[in-house]
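Small disclaimer: the values here were computed from a predicted structure and weren't measured. Excluded from the calculations below are hydrogen atoms, water molecules and symmetry mates; all remaining heavy atoms, backbone and side chain alike, are included.
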Amino acid sequence: MRERLADEIGKALGRILETAGDREPLPGLTVEPPRQKDHGDFACNGAMLLAKRLGRPPREIAESLIAELGDAGGLLARAEVAGPGFVNLWLAGDRWQALLLSILRAGPDYGRSDVGKDQPLQVEFVSANPTGPLSTGHGRQAILGDCIARLLGNAGYDVTREYYFNNGGRQMRVLGESVRARYLERLGRAAPPAEAALKDEDAAWPAELGGLPVVFPRDGYQGDYIGEIAQQLIDECGESLVDEPGDGRFRAEAERTIFAEIRATLDALGIAFDVFFSEASLYEDGKIEETLAALRETGLVYEEGGAVWMRFSELGLDRERVLVKSSGEPTYLLPDVAYHREKFERGFVRVIDVQGADHKDQGPFVKAAVQALSLDPERVEFVFHEFVTLSSGGETIKQSTRKATFITVDELLEEVGPDVFRLFMVQRRSESHLDFDLDLAKEQDWTKNPAYYLQYAHARTHGIERQAEARGVPMPDPDAVESGRLDLPEELELIRKLGEFPETVLRAAETRAPHHVAYYLRDVAGLWNPYIQDKDRHGILTEDAELTAARLALTLAVRIVLARGLALLGMSAPERM
RNA sequence: GCCCCCGUAGCUCAGUUGGAUAGAGCACCGGUUUCCUAAACCGGGUGUCGCAUGUUCGAGUCAUGCCGGGGGCGCCA
């Protein structure tokens, strides 16, 4: 409807320009719902755009536009000039009611789009190495990535969700050593490091305490889960592993256990990945060597101090980077480039990497390397999200990764459940810091907790249906509804808001910004909840059968939008609460 | 020192890619009602949009510079 109107206006403006002998196209034309309701259903800035080119006052041009536009092929009831030269437009009376019926006919497909044309696209997110449970920061990324994937799927793309992980390297060796240390400590064959030494990075780190060796690594993982894995090994293998190296059985067992826990956490969040991609496979398949060879062909690779470098300054970046250390081991950058090369080979039209703010500096290097390999860097896109803080009672809860005092996703889920968790994590734009208000999240009152506020609005549509059923009132057939009976301002406003759903979710997909959906749903629920509450004025079930059917139709349309919107955020849409 | 992000109501934050009188939630203060689900609904906002220049019909939005907060700048990942 908006497109058709914009089209008519574009044509009318074209005719005005043509009369003045101007055939250039006009940029920046907007036809959008104004902030103020009394400024009409849509407002258009066209006259102001032409003012300079035609050398006439904008309000005068606006008058010409209205005359030229007429009723826009039956779409318009009224148009008037306002402010500096806006043209405010009111749609012909039955347009909103027609919109309601089209929502009902589309049903669960309302808001879907095929702009993606089934093109393959990849969203990579979480990508946490299996060294410990998912933190709240990972949790934000998990929800953000998952919602972006859902939105792109809704926009008609063939989306692959991918989790990239590295189960080799130094981190994992340290992990294995940490487990081994706890294993030996529990068997009384090693001593744990002193508490003071653990807390203070500068404190002395004795090799022996009370006659026992201290084997816990200086930069080891201190979380309780390490001890639990060690205990598990004691239960299964007893003392048979005392001579096992940390990098062997201990490391493997830790990886297996931790990965299982990560997957269970993701499962609890309602997130399923299509591909778990291991960095190690890039070595096994020779992709690392291939990529290095390809990079050498760019002529930007050189050796210095026994290491292999790439001259990124030639690509407009501020410093050079090491690809292969003097030890012969690649840095993380080389496999990352190889990985992106591999993504391109899989034919994705677009790969979206969702990453934490601490990776912001890396993106340009990967892009530059991709471009140097003659691949289109525009196909790689990064979505960075800022960190998460938790607060309660107005105080920020202190967290530290190193000291393992961070709150895990699992712990948070136990407190608030996946639906609340998801909404809170997606309620902010990704570039903003996110303060997770634990008190509000735990709030059970649906009027206060924003997640329940949305879900309850949906449940109420079912409550109304149950009530109708109890009274023997059938749910309406969309083709037989007299939607013209819906003529109260709040009803029209609600329908108008429902009409914004498709463009809202499409914009959210295109800008990789799921928070738009959260805010939109809040708006819908914020119209719907008061509407049905004011029973005297517009009870749904009335004496008037025709009016009742129309309002039940509105109820169903609201349900369609809320259910679909909640699904796009990965939240459940309960029928009763 | 350099790079990236943020700065909007008491608090937490949106702001439809430059539009009209800048909006929500939480909190707070009043009023009405006892309902289809826990009580709900209605009303109540005088904000230097961090500061300053600039761009233009028009700036919270764009550019530049400063101030404040966060992140990053390793042969760690």
Side-chain angles (χ1 to χ4, degrees), chain A residues 28 30 32-36 39 43-45 47-49 51-52 57-58 82-86 88 127 129 131 166 168-172 219 279 304-309 317-319 321-333 335-336 356-364 384-387 389 391 394 427-437 439-440 443-450 452-453 456 459-460 462-468 470-471 500 503-504 507-508 510-511 513 515-516 518-520 522-523 526 529-537 539-541 576-577:
Chain A
T30 60
E32 55 192 16
R35 289 198 190 131
Q36 304 278 328
H39 288 154
C44 170
N45 66 347
M48 289 176 306
L49 293 174
K52 202 164 198 178
F86 286 98
N88 292 342
S127 296
N129 289 338
T131 57
N166 180 11
R170 208 187 68 87
Q171 277 192 349
M172 293 302 289
D219 52 355
E279 183 184 316
E304 190 178 297
V308 179
W309 292 72
L317 292 168
D318 61 356
R319 63 186 194 276
R321 297 287 305 273
V322 170
L323 297 175
V324 184
K325 300 183 237 177
S326 55
S327 66
E329 209 175 358
T331 60
Y332 124 103
L333 181 60
D336 215 29
D358 52 342
H359 283 72
K360 269 192 287 195
D361 193 46
Q362 300 299 329
F384 295 110
H385 65 89
E386 291 293 332
F387 292 143
T389 52
S391 69
Q427 249 184 330
R428 303 282 172 253
R429 46 205 277 266
S430 60
E431 317 87 64
S432 283
H433 284 259
L434 190 153
D435 182 65
F436 193 108
D437 184 341
D439 300 330
L440 187 60
E443 179 63 65
Q444 290 302 302
D445 181 347
W446 70 266
T447 63
K448 294 197 174 123
N449 189 312
Y452 297 148
Y453 189 80
Y456 185 48
R460 281 176 128 170
H462 285 274
I464 290 166
E465 180 170 351
R466 284 190 292 272
Q467 191 69 17
R471 296 194 201 171
E500 290 173 18
E503 61 199 79
T504 301
R507 187 165 58 93
E510 282 169 348
T511 56
H515 75 278
H516 287 304
Y519 277 87
Y520 171 80
R522 165 69 221 187
D523 284 347
N529 280 329
Y531 172 72
I532 53 173
Q533 197 65 36
D534 193 355
K535 210 181 168 187
D536 293 339
R537 184 144 179 225
I540 303 293
L541 305 171
R576 57 175 83 230
M577 290 174 73

Discussion item. Base, sugar-phosphate or nothing for A/Glu304? Non-hydrogen atoms, less than 4.0 Å.
Written reply: base

Worksheet entry | Nucleotide nearest A/Asn88 when distance is taken to its side chain, options B/G19, B/A20, B/C36 | B/A20

Worksheet item: Mind checking what makes side-chain hydrogen bond (donor to acceptor under 3.5 Å, both in side chains) contact with A/Ser391, not counting sequence neighbours?
Response: A/Asp435

Practice prompt. Provide, to the nearest angstrom, the distance between the CH2 atom belonging to A/Trp446 and the P atom belonging to B/C26.
Written response: 11 Å

Worksheet item: Which nucleotide, B/G15, B/G19, B/C36, lies nearest any side-chain atom of A/His515?
Response: B/G15

Fill in: Nearest heavy-atom neighbours spanning A/Pro530 and A/Tyr453
CD-OH, 4.3 Å

Dump every N/O contact between nucleotides 21-24 of chain B and the protein below 3.5 Å, one line per pair.
from, atom 1, to, atom 2, distance (Å)
B/U21, O2', A/Gln36, NE2, 3.4

Fill in: Which residue lies more 5' along RNA chain B, comparing A/Tyr332 with A/Gln467 via nearest heavy atoms
A/Gln467

Item to complete: In whole angstrom, give the distance that lies between atom CZ of A/Arg428 and atom C1' of B/A14.
Response: 8 Å

Worksheet item: So which nucleotide from B/U17, B/A77, B/A20 ends up closest to the side chain of A/Ala43?
Response: B/A20

Item to complete: Compare the minimum distances between each of B/G15, B/A77, B/A20 and the side chain of A/Phe86, then state the nucleotide with the smallest one.
Response: B/A20

Worksheet, complete the sentence: Residues passing the side-chain hydrogen bond (donor to acceptor under 3.5 Å, both in side chains) test with A/Arg522, sequence neighbours excluded, are none

Discussion item. Under 4.0 Å, heavy atoms only, any strand: does A/Asp318 hit a base, just the sugar-phosphate, or nothing?
Written reply: nothing

Worksheet item: When we call it a touch if two heavy atoms are under 4.0 Å apart, what does A/Gly305 touch: a base, just sugar-phosphate, or nothing?
Response: base

Discussion item. Suppose you measure atom C1' in B/C49 against the same atom in B/G43; what distance do you get, rounded to whole Å?
Written reply: 26 Å

Worksheet item: Hey, is A/Asp439 close enough to A/Lys448 for a salt bridge, meaning N to O under 4.0 Å?
Response: no

Worksheet item: OP1 or OP2 of B/C3 sitting under 4.0 Å from any side-chain N/O of A/Arg319?
Response: no

Item to complete: Compare side-chain N and O positions of A/Lys325 against OP1 and OP2 of B/C76 and report whether any pair is under 4.0 Å apart.
Response: yes

Worksheet item: Hey, is the side chain of A/Ser432 poking within less than 4.0 Å of OP1 or OP2 on B/A14, counting only N and O atoms?
Response: yes

Discussion item. Using a heavy-atom cut-off of 4.0 Å across all strands, would you classify A/Thr511 as base, sugar-phosphate, or nothing?
Written reply: base

Worksheet item: Which of the following nucleotides, B/G19, B/C73, B/C5, is nearest to the side chain of A/Asp361?
Response: B/C73

Item to complete: Give A/Asp435 one of three labels, base, sugar-phosphate or nothing, depending on what nucleic acid heavy atoms sit under 4.0 Å from its own.
Response: sugar-phosphate

Item to complete: Spell out, as yes or no, whether a donor-acceptor pair under 3.5 Å connects the side chain of A/Asn45 to the backbone of A/Phe86.
Response: no

Worksheet, complete the sentence: With syn meaning chi within 90° of zero and anything else anti, the base of B/U32 is anti

Worksheet item: In which ranges does RNA chain B form stems of 3 or more consecutive Watson-Crick or G-U pairs, distances under 3.5 Å?
Response: B:1-7 with B:67-73, B:10-13 with B:23-26, B:28-32 with B:40-44, B:50-54 with B:62-66

Discussion item. Over 60° means perpendicular and under 30° means parallel, so tell me whether A/Tyr456 and A/Trp446 are parallel, tilted or perpendicular.
Written reply: tilted

Worksheet item: Looking for any heavy atom pair under 4.0 Å, which part of the strands does A/Glu329 touch: base, sugar-phosphate only, or nothing?
Response: nothing

Practice prompt. Report yes if a side-chain nitrogen or oxygen of A/Lys448 is closer than 4.0 Å to either non-bridging phosphate oxygen (OP1 or OP2) of B/U12; otherwise report no.
Written response: no

Worksheet entry | Any N/O donor-acceptor pair, A/Ser326 side-chain to B/C75 base, under 3.5 Å | yes

Worksheet item: Taking the P atom of each, how far is B/A9 from B/U61, in whole Å?
Response: 15 Å

Discussion item. Quick check for you: among B/C26, B/A38, B/A77, whose closest atom lies nearest to any side-chain atom of A/Met577?
Written reply: B/A38

Write out a two-atom table: protein N or O, nucleotide N or O from nucleotides 68-71 of chain B, distance below 3.5 Å.
from, atom 1, to, atom 2, distance (Å)
B/G70, O2', A/His433, NE2, 3.4
B/G70, N2, A/Lys360, NZ, 3.4
B/G71, O2', A/Ala357, O, 3.4

Practice prompt. Tell me what A/Ala518 touches on the nucleic acid: a base, only sugar-phosphate, or nothing, going by heavy atoms under 4.0 Å.
Written response: nothing

Worksheet item: What interatomic distance, in whole Å, is found between C1' of B/A59 and the corresponding atom of B/U48?
Response: 16 Å

Worksheet entry | d(NE2, A/His385; P, B/C6) in whole Å | 15 Å

Item to complete: Provide, to the nearest angstrom, the distance between the CZ atom belonging to A/Arg170 and the C1' atom belonging to B/G74.
Response: 11 Å

Discussion item. Would you say A/Arg429 places a side-chain N or O within less than 4.0 Å of OP1 or OP2 belonging to B/C6?
Written reply: yes

Fill in: Basic-acidic side-chain contact under 4.0 Å: A/Arg429, A/Glu386
no

Worksheet entry | For A/Asn129, side-chain hydrogen bond (donor to acceptor under 3.5 Å, both in side chains) partners two or more places apart | A/Gln171

